[in-house]
Amino acid sequence: MGIKGLRQAVAAHMREGHVKEIAGKTVVCDGHAWLHKAAFGCAFDIAMGKPTDKYIEYCMHLVNMLKFYGVTPIIVLDGRSLPGKARVNSERNARRESQRALGMELLRRGDRSGALKCLQQSIHVTAEMAHAFHARLQSEKVTCIVSPYEADAQMSYMVRKGMAQAVISEDSDMVPFGVDMILYKMDTSGSCCIFENKPLGEGNKKSMDVSKLSGDARIHMCILAGCDYLQSIPGIGIQKAYGLIREHGDGKKAIEALRKHPKMKEKVPDGYEDAFERAEKLFKHQWVYDMEERKLVNMTQVPED
DNA sequence: AGCTAGTACTCAG
DNA sequence: GTACTAGCT
């Protein structure tokens with residue numbers, strides 16, 4: 001999904017690190033992100049329809065590297081995409097198609113390196129690629145979960161249920177979903193950037209400190225800043241949203257304050273309060289798969305009333 | 001200072 | 001999905 005500017009905004013919580021720091025722990029990994037990166041390495045073969053398993057070897061290298069450092073990986077693969085993402089998905093498809101056409105044209109003209117760049121932009125992870133990876137993981141006895149919808153929600157649910165202690169991802173949504181340890185930008189040697197949700201020291205007074213926010217407040221901040229479920233009020237990004245939540249405590253009170261603000265009140269759209277509530281519900285109650293109960297459940301339980 | 005929108009990019013020797 | 005940045009408020 002993605003919250004604009006969030007990764008940059010939580011930079012003070014991040015540091016250079018290595019997977020060996022979580023030796024002995026279990027980590028949930030975003031398999032789709034791995035496949036997408038891996039596909040770049042064999043973009044030519046994939047675009048030409050030539051059978052290859054190079055991308056699987058790349059992903060398995062990551063799996064084996066984690067095991068080498070004593071980390072137990074669980075791979076999560078994407079299920080269906082949410083209906084609300086149809087527009088952004090079709091935009092991406094159109095871009096991929098045009099890049100593919102351009103790549104083939106450059107190839108006919110003999111511009112092999114130019115063609116490769118375009119063909120790399122045309123790559124997307126197909127269901128067949130995901131299936132092939134899934135089958136390989138099963139044959140190697142690596143736990144693999146297919147999430148009903150978005151992988152982010154599934155991964156954070158598994159951490160909250162105690163099945164894992166960290167997440168390997170490229171996605172900023174792990175922060176509002178409340179994951180306390182996130183490994184970003186992991187390379188084939190295990191180096192990575194590590195996000196930790198813990199109080200910042202005295203030297204970071206001016207930085208955003210997400211450990212100062214409750215779980216709900218973190219989600220409220222991200223909705224205010226603009227997410228897939230709700231566009232932000234014009235002029236409000238991640239920094240303003242953080243300031244508002246810190247000042248007023250929660251989203252509802254922050255919007256009340258904006259409604260009274262002389263310069264901001266005309267920018268708050270009609271019905272924003274209701275849209276905000278809907279977004280919060282969509283955020284919190286996404287469908288995920290529960291491995292113990294072997295059924296779909298809401299990521300956080302829907303209240304009775 | 002912070003928000004927006006546009007461009008460029010994810011492999012690996 | 002990401003990072004970076006010029007230009008605007």
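Chain letters run A, B, ... following the sequence lines, proteins first and then strands; every chain starts at 1. Owing to the predicted nature of the structure, the values given are computational and were not obtained by experimental measurement.
- Across all strands shown, A:K185 has heavy atoms under 4.0 Å from sugar-phosphate atoms exclusively, and none from any base.
- Side-chain proximity of A:Q239 to the nucleotides C:dT2, B:dT10, B:dG2 is greatest for B:dG2.
- For the pairing with A:N93, the side chain to side chain donor-acceptor pair (under 3.5 Å) check across A:E91, A:R95, A:R96 returns one residue only, A:R96.
- Nearest to the side-chain atoms of A:Q120 among the listed nucleotides B:dC11, B:dC9, B:dT4 stands B:dC11.
- Considering only heavy atoms from C-beta on, A:M221 comes within 4.5 Å of A:L6 through its side chain.
- Using cut-offs of 30° and 60° on the angle between ring planes, the pair A:F177 and A:F283 is perpendicular.
- Atom NZ of A:K117 is separated from atom P of B:dT10 by 9 Å (rounded to the nearest Å).
- A:Y58 comes within 4.0 angstrom of the backbone, heavy atoms only, and of no base.
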- Task: Summarise protein proximity over nucleotides 4-9 of chain C in one line of letters, 5' to 3': B for base, S for sugar-phosphate only, - for none, counting protein heavy atoms closer than 4.0 Å.
- Result: ------
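- Under the ring-ring contact (aromatic ring centres under 6.0 Å, His included) criterion, the residue pairs touching residues 45-94 of chain A are A:H18-A:Y69, with sequence neighbours excluded.
- Checking A:D187 against A:S189 by side-chain atom types alone, a donor-acceptor pair falls below 3.5 Å.
- A:I238 comes within 4.0 angstrom of sugar-phosphate atoms only, judged by non-hydrogen atoms across all strands, and of no base.
- Note: CD (A:Q121) to C1' (B:dT10) measures 9 Å, nearest angstrom.
- If you check B:dC9, C:dT2, B:dC11 against the side chain of A:D171, the one that comes closest is C:dT2.
- Among the heavy atoms of the strands, none lies under 4.0 Å from A:K54.
- Using bins of under 30°, 30° to 60° and over 60° for the plane-to-plane angle, the ring pair A:F276/A:H220 lands in the perpendicular bin.
- Picking from B:dC3, C:dG1, C:dA3 the nucleotide with the shortest atom distance to the side chain of A:R92 gives C:dG1.
- Residues A:Y157 and A:D290 have side chains that bring a donor and an acceptor to within less than 3.5 angstrom of each other.
- For A:T188 and B:dC11, the shortest distance from a side-chain N or O to OP1 or OP2 is not below 4.0 Å.
- Of all nucleotides listed (C:dG1, B:dC11, C:dT2), C:dT2 comes nearest to the side chain of A:S172.
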